[in-house]
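The structure appears below as structure tokens.
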Amino acid sequence: MSGVEPKRVSEALRDAARMFEQTSDSARLDAELIMAYQLGVSRSQMLLTRMDAACPEGFLDNCKRRMAQEPVAYILGEQEFFGLPFKVGPGVLIPRSDSEVLVETALDLVGEIGSVLDLGTGSGALLLAFLANRPGWSGVGVDQSSEALQYASQNAERLGQANCSKWLRFDWRKSDLAELAASFDLILCNPPYVETDAALARDVKDYEPASALFAGADGLDDYRILIPRIRELMRDGAVAIFEIGATQADAVGTLAKEHGFSPEIRKDLANRPRAVVLR
Ligand code: GLN
């Protein structure tokens, strides 16, 4: 073959971004992340040094996946959370920056030594981000999905936290919390909290695990199971921090008060209520 030059990175990025605009509100960023991944360099390295390089093979195939609204994090196999890289893929919820407020709140409220439980750990994001910043702590992450737990334990290895974390299959919808047979100084929990009939983006609804998202008609099913029993897992002086949907502060706060807590609400970066602290 002769004559046909492959596209350059700059052109391929422009074309891909234009294509993604139909389905994504972060079209240019999506294209850049996929291209940098394909080139095996960071996004900033790519922008500084690779714009005139030949577009790598495989870029188009991954663009097709994105056009079918597969999340970028699944295409890359990785998502950054709290400044750390987490391996993700089908079967595990992609960590959201909204959830970082749980880690910040925990770091704010607890001391230098202790033991933490992450209920519904998924990729291990909350637990591992916390442990990475509190070397004196150890923790347990539980999830009903063995697929999720595989990601979590790989993430623990990768982030150098394998020695202070344990992973356990456990489903609070089927088993009594008392079966965990331990108590903790900190409990982190990002339960499913989306209403069953909520209009979610296709990227989420068609790709991410429904079991990590949906929690009944009002999205509160899991709080109704966990909050009444959570004290059994808390040592004296312990803190429990639950993620909530942006409109759920009142409902979850009321439930917590009914069970003897004085709930405190923390907001995410977009200033929406995102975490309920129970003490
Ligand atoms: N924040 C997620 C979303 O809106 C929901 C996560 C959850 O239910 N815990 O997609």
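The figures here come from the full heavy-atom set of this structure, side chains too, leaving out hydrogens, waters and symmetry mates. A quick note: this is a predicted structure, and the numbers were derived from the prediction, not measured. Ligands are counted one by one from 1 in listed order, and the atoms in each one are counted from 1 as well.
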### Task
Please identify each residue that fulfils side chain to side chain contact (heavy atoms under 4.5 Å, CB included) with Arg65, with sequence neighbours left out.
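Residues passing side chain to side chain contact (heavy atoms under 4.5 Å, CB included) with Arg65: Asn62, Glu70, Ile75.
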### Message
Working note: Val142 + Arg169, criterion side-chain contact (heavy atoms from CB on, under 4.5 Å); need CA distance, chi angles, decisive distance, verdict.
### Response
CA-CA 6 Å; Val142 305; Arg169 193 159 178 204; over 6 Å; no
### Query
Under 4.5 Å between side-chain heavy atoms, hopping through other hydrophobics if needed: is there a path connecting Leu168 to Trp172?
yes
### Residues clustering with Tyr74 (ILVMFWY side chains joined when closer than 4.5 Å, directly or via others)
Val88, Val92, Ile94, Tyr151, Tyr207
Short N or O contacts of ligand 1 with protein, under 3.5 Å, listed by atom name?
unit_1	atom_1	unit_2	atom_2	d
ligand 1	1 (N)	Tyr193	OH	3.0
ligand 1	8 (O)	Tyr193	N	3.1
ligand 1	8 (O)	Leu213	O	3.4
ligand 1	9 (N)	Asn190	OD1	2.7
ligand 1	9 (N)	Pro191	O	2.7
ligand 1	10 (O)	Arg96	NH2	2.9

### Task
With side-chain contact (heavy atoms from CB on, under 4.5 Å) as the test, would you mind laying out the steps for Leu159 and Phe86 before giving the verdict?
CA-CA 9 Å; Leu159 295 168; Phe86 286 87; 3.7 Å; yes
#### Entry: Non-neighbouring partners of Asp176 that pass salt bridge (Lys or Arg N to Asp or Glu O under 4.0 Å), sequence neighbours left out
Arg229
